[in-house]
Amino acid sequence: MPLLPNPFRPTAGATPPELIGRKGMLDEFEYGLRLGSGAPGLLTIITGARGIGKTALLSDAQEKARHQGWIVISETATPGFLGRIGETMRLHLEEFGPGPAGRRITAFGVAGFTVTTQLPPERQVDWRRLGEQLLNVLAEKKTGLLFTVDEIHSADRTELSQLAADVQHFIRDRLPIGLIFAGLPAAVSDLLNEGVATFLRRAERIDLHAATINEVERSYEDTFQRAGIRIHKDQIRRAAEATGGYPFLIQLIGYQLWRQAEINDLTLEAENVTQAIAAASRRHEMTVIEAALSTASEKDKDFLRAMAEDDGAVAAGDIGKRLNAKSNVVANYRARLIAAGLIEAPAYGKVDFAIPGLREYLRKTRDT
């Protein structure tokens with residue numbers, strides 16, 4: 001019997017076949033889609049460590065909105081994202097009518113970002129006015145508009161603040177608007193403390209954490225059983241434990257296990273599981289760990305290596321002793337590495353690694 005196509009999707013931005021441990025997280029958002037304008041669930045912030053599944057959950061929310069007939073404008077918070085949202089709104093608005101005669105906007109911008117158009121200045125449509133026009137059309141059609149913005153830790157704060165101000169304006173006017181942000185926890189906390197964006201403190205907050213090993217084990221068992229792949233329960237447990245409950249590793253290891261099954265007559269022995277875990281770990285190091293470390297300075301890495309001497313959470317004071325550094329210096333590195341999503345503070349005065357496998361990687365590469 002031929003094996004079904006590999007269901008695992010260990011690629012950034014791809015939606016996996018199953019969002020393990022995420023059931024019910026978007027209930028408020030779905031309810032908001034049905035209620036429409038002003039519903040609390042339509043303002044949502046998703047936070048979590050790198051690779052924890054923020055983008056996958058964001059994609060799931062987008063699909064739910066489209067299923068309800070909403071227009072979805074999805075962006076990543078790279079420079080100019082606000083102008084790109086404006087241009088997409090313009091295109092959607094043109095679908096509902098011809099617009100002003102002779103209009104042909106060739107580029108769009110806002111809040112200091114240039115607008116290029118063939119209309120005279122008095123006919124140029126600013127970003128907020130464009131949004132109002134589109135939202136009023138959608139309100140008449142009993143539907144709405146959803147903005148999703150991923151990786152807000154990379155965003156220009158001026159653009160984020162402008163977007164927040166305009167969305168707040170739309171909400172006050174009871175227009176059918178939804179906004180979902182996703183980003184690293186520290187970046188989101190900073191955003192919520194800044195100026196006009198403070199209204200986002202009322203947003204529904206979804207803080208993603210690792211799935212339990214039991215959840216991963218059950219998911220693997222069900223997936224392999226349905227496909228007719230033979231694997232002992234002990235080996236399923238070993239594979240599940242190797243993921244650490246980390247969604248990207250769940251997909252990576254599942255993907256490699258499936259590949260092993262394809263070349264081994266639908267049977268996974270202990271050696272196949274070992275090879276799958278090793279291959280997934282190498283990919284995880286290249287795509288997640290090395291990418292996350294690429295912007296860290298050598299001093300940052302010294303701090304991380306000092307952390308890696310412990311098997312779990314470590315006191316900041318102990319790190320200072322190992323580095324012979326003063327407490328204020330340690331505090332500065334701690335804050336910067338938390339903001340970068342490399343470490344987290346699980347308890348007062350302690351830090352731990354936010355990315356699974358980072359401790360082991362630092363130990364392995366200590367002398368290279």
Side-chain angles (χ1 to χ4, degrees), residues 26-46 58 60-75 77 80-100 103 105 108-111 113 115 117 119 123-150 152 155 158-182 191-192 194-206:
L26 292 172
D27 283 354
E28 281 296 321
F29 172 71
E30 286 191 270
Y31 185 55
L33 290 172
R34 295 196 297 272
L35 286 181
S37 178
L42 292 180
L43 192 60
T44 299
I45 299 175
I46 302 170
L58 205 60
D60 192 34
Q62 292 164 13
E63 287 306 306
K64 292 180 186 303
R66 292 188 182 103
H67 183 72
Q68 295 291 333
W70 283 51
I71 288 177
V72 176
I73 299 180
S74 174
E75 271 293 341
F81 80 89
L82 197 55
R84 295 193 298 272
I85 289 176
E87 175 64 12
T88 306
M89 286 196 297
R90 179 188 67 80
L91 293 173
H92 281 298
L93 188 58
E94 287 186 346
E95 292 177 6
F96 297 106
R103 182 179 70 178
I105 300 176
F108 194 94
V110 65
F113 302 91
V115 177
T117 178
L119 287 178
R123 298 284 298 281
Q124 292 183 13
V125 183
D126 63 34
W127 199 97
R128 182 179 294 182
R129 183 68 59 82
L130 185 66
E132 288 174 347
Q133 290 176 349
L134 177 57
L135 285 165
N136 277 301
V137 170
L138 295 176
E140 291 175 3
K141 296 179 178 296
K142 308 299 183 185
T143 182
L145 172 64
L146 172 67
F147 297 141
T148 69
V149 185
D150 200 4
I152 64 168
T158 301
E159 290 191 82
L160 279 178
S161 294
Q162 184 66 50
L163 176 62
D166 290 337
V167 168
Q168 185 176 22
H169 175 83
F170 298 151
I171 291 172
R172 285 173 178 167
D173 286 350
R174 300 200 62 78
L175 293 169
I177 185 69
L179 172 64
I180 305 182
F181 280 154
L191 174 65
L192 297 185
E194 289 184 6
V196 71
T198 54
F199 97 99
L200 291 173
R201 291 175 186 169
R202 299 195 299 271
E204 178 80 7
R205 186 78 172 261
I206 299 176

For this session: Verify salt bridge (charged side-chain N to carboxylate O under 4.0 Å, His left out) between Arg66 and Glu63, making sure each step is shown before the conclusion.
Result: CA-CA 5 Å; Arg66 292 188 182 103; Glu63 287 306 306; 3.0 Å; yes
For this session: For His92 and Leu138, run side chain to side chain contact (heavy atoms under 4.5 Å, CB included): C-alpha distance rounded to whole Å, both residues' side-chain angles, the deciding distance at 0.1 Å, then the answer.
Result: CA-CA 10 Å; His92 281 298; Leu138 295 176; over 6 Å; no
For this session: Kindly determine whether Phe29 and Ile206 satisfy side chain to side chain contact (heavy atoms under 4.5 Å, CB included), including the steps that lead there.
Result: CA-CA 11 Å; Phe29 172 71; Ile206 299 176; over 6 Å; no
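In this structure, CZ on Arg84 lies 4.0 Å from CD on Glu75, to the nearest 0.5 angstrom. With values rounded to the nearest 0.5 angstrom, Leu130 atom CG is found 10.0 Å from Thr88 atom OG1. Rounding to the nearest 0.5 Å gives a distance of 9.0 Å between CD of Glu30 and NE2 of His67. The CG atom of Asp173 lies 9.0 Å from the OG atom of Ser37; values are rounded to the nearest 0.5 Å. Here Asp126 contributes atom CG and Glu132 contributes atom CD; the two are 8.0 Å apart, rounded to the nearest 0.5 Å. Between atom NZ of residue Lys64 and atom CG of residue Leu33 there is a gap of 9.5 Å, rounded to the nearest 0.5 Å.
Between Gly32 and Ala39, the closest heavy-atom pair is CA-CB, 3.5 Å. Of all heavy-atom pairs spanning Leu146 and Ala61, the tightest one is CD2-O, 4.4 Å. Across all their heavy atoms, Pro176 and Leu135 have their closest contact at O-CD2, 3.3 Å. Here the closest heavy-atom approach between residue Gly131 and residue Phe170 is recorded as CA-CZ, 3.9 Å. Pairing each heavy atom of Ala165 with each of Arg128, the nearest pair is O-NH2, 4.0 Å. For the pair Leu58 and Ala182, the tightest heavy-atom approach, listed with the atom from each and the gap, is CD2-CB, 4.2 Å.
Between Glu94 and Arg90 there is a salt bridge, with a side-chain nitrogen of the basic residue lying less than 4.0 Å from a carboxylate oxygen of the acidic one.
For the pair Leu179/Leu163, a side-chain contact is recorded, criterion being any heavy-atom separation below 4.5 Å from C-beta on. Between Phe81 and Glu159 the shortest side-chain heavy-atom distance falls below 4.5 Å. Leu145 is listed as a side-chain neighbour of Met89, based on a closest heavy-atom distance under 4.5 Å. Residues Ile171 and Ile177 form a side-chain contact, since some pair of their non-hydrogen atoms from C-beta on lies under 4.5 Å apart.
Ring planes of Trp127 and Phe147: tilted class, angle from 30 to 60°.
Judged by distance alone, the side chain of Ser161 and the main-chain N or O of Thr158 form no donor-acceptor pair under 3.5 Å.
With no hydrogens or angles considered, no side-chain donor-acceptor pair links Glu140 and Asn136 at under 3.5 Å.
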